Amino acid sequence: MESQSRAISGHPSASSSPALSKLRLGVNVDHVATVRNARGGRHPDPVQAAEIAVMAGADGITAHLREDRRHIRDDDIERLKARIDRPLNLEMAATREMVDIALKVRPHAACIVPERREERTTEGGLDAAGQHNTLCPLVEELRTAGIRVSLFIAAELAQIEAAAALRAPVIEIHTGAWCEAVVEGHGERAAAEFDRIRTGARLAHGLGLEVHAGHGLDYVTAGIVAGLPEVVELNIGHFLIGEAIVGGLAEAVRRMRAAMDRGRSLSTASGGGKGRGGPADSDSIT
Ligand code: PXP
């Protein structure tokens, strides 16, 4: 696992010609947990979703354990680490509690993100420049434990230089503002935002940082950002889970239709469903 992780996310690929590096896909399963938690049960399971993502070609799995546990929960992280045979990227706030969890679970990578309880999602980048003194010991602690630290920042010169000064090996560039401008059709703003991302990726690569990108990506924006040779990993969640719902709903409805039709015909054959209704009966319907 360790040698596999190194091959997937080590510095050699980032420091060699960027044009040759493979673009990895990290699938974020947070919103599978959002749907699960809406009912408080076990379905759908983010760990099962991670297994499917890996089977379909994901290079790694990303999950954000938020302070308020609104989607991913502690046991999801433990189960992901135990069951998924790909690098786990734990997104986390820079708090004592989260660092302790990371030290216990030992994910392949820890992506430090800003977190505010009232936000709907991670709305801005980490202020690596303004929080140097707070971040420095935490980054060091994670690094020393062999966890690959990534800082989720805007593609700004001050933030990139601050990440390098903190000796974080990786940055993840926040693509949210650019994606929003693209989706809303604001061409000029989108062009300016993308220029910032391109310049930031080059600068970070030049400073020896491995460059990832994520937030708000869809098929179109992921395809565009894939053209930046310095970027070696994309982390994508919300759009993929949305697509899975839209693309997978027809199959789920077909299976439900079949289950109901079969239940009806069995019931008719046995004389109106007498004695049916227990767990064994429901099992036999599927
Ligand atoms: N990268 C980071 C650091 C994030 O915080 C998130 C959102 O959890 C993502 C990537 C994925 O963003 P999205 O769900 O919009 O694809």
Side-chain angles (χ1 to χ4, degrees), residues 9 23-35 37 46 49-50 53 58-73 76-77 80 87-95 98 102 107-117 119-128 135 139 142 147-155 159 163 168-184 193 197 200-201 204 209-226 231-246:
S9 182
L23 183 57
R24 301 187 301 264
L25 170 61
V27 172
N28 180 315
V29 294
D30 290 353
H31 296 301
V32 179
T34 303
V35 177
N37 297 356
D59 301 293
I61 296 298
T62 293
H64 185 174
L65 185 66
R66 292 187 76 103
E67 201 189 353
D68 61 10
R69 310 300 198 267
R70 70 174 69 157
H71 38 56
I72 293 293
R73 300 192 288 234
D76 294 327
I77 295 294
L80 284 168
L88 172 63
N89 175 31
L90 172 65
E91 289 179 5
M92 50 175 264
T95 63
M98 288 300 153
H108 168 71
C111 179
I112 301 184
V113 302
E115 210 176 286
R116 288 192 307 276
R117 270 179 190 261
E119 70 190 355
R120 256 185 298 176
T121 178
T122 313
E123 281 162 9
L126 186 73
D127 184 8
L135 291 170
V139 169
L142 292 165
I147 298 168
R148 205 159 165 78
V149 180
S150 160
L151 302 184
F152 187 46
I153 57 173
Q159 299 299 343
V170 182
I171 61 160
E172 180 168 328
I173 294 180
H174 197 314
T175 51
W178 168 58
C179 291
E180 208 176 277
V182 172
V183 167
E184 289 171 5
E193 287 290 347
I197 293 169
L209 292 159
E210 182 172 308
V211 183
H212 301 177
H215 210 281
L217 294 169
D218 60 15
Y219 298 132
V220 172
T221 45
I224 297 169
V225 84
V231 176
V232 298
E233 180 173 308
L234 301 181
N235 283 299
I236 308 179
H238 186 268
F239 177 77
L240 281 176
I241 303 311
E243 279 291 280
I245 292 171
V246 172

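Because the structure is a prediction, the values reported are computed rather than measured. Atoms within a ligand are numbered from 1 in the order they appear, just like the ligands themselves.
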Distance-only N or O hit between ligand 1 and [X], under 3.5 Å:
X: E172; value: yes
X: H238; value: yes
X: F239; value: no
X: I236; value: no

Test item: V113 and M92 side chains (from C-beta on) under 4.5 Å apart, heavy atoms:
no
At less than 4.0 angstrom from any non-hydrogen atom of [X], what atoms of ligand 1 do you find?
X: V113; answer: 3 (C)
X: N235; answer: 10 (C), 11 (C)
X: G216; answer: 12 (O), 13 (P), 15 (O), 16 (O)

Any donor-acceptor N/O pair, E115 side chain to E67 backbone, under 3.5 Å:
yes
Nearest 0.5 Å, what's the CG-CG distance between L151 and L135?
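So the gap between those two atoms works out to 6.5 Å.
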Part of D30 within contact of ligand 1 (heavy atoms, under 4.0 Å)
side chain
Below a 4.0 angstrom heavy-atom separation, can you tell me which part of E91, side chain or backbone, both or neither, approaches ligand 1?
side chain
Go through the structure and list residues passing side chain to side chain contact (heavy atoms under 4.5 Å, CB included) with E180, not counting sequence neighbours.
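Partners of E180 by the side chain to side chain contact (heavy atoms under 4.5 Å, CB included) criterion, ordered by chain and then number, come out as E184.
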Give a yes-or-no answer on whether the side chains of T62 and N89 include a donor-acceptor pair shorter than 3.5 Å.
yes
Do N37 and R73 meet the criterion of a side-chain donor-acceptor pair at a distance under 3.5 Å?
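Yes.
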Check salt bridge (Lys or Arg N to Asp or Glu O under 4.0 Å) between D76 and all other residues, then give those that pass, not counting sequence neighbours.
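D76: salt bridge (Lys or Arg N to Asp or Glu O under 4.0 Å) contacts with R36, R79.
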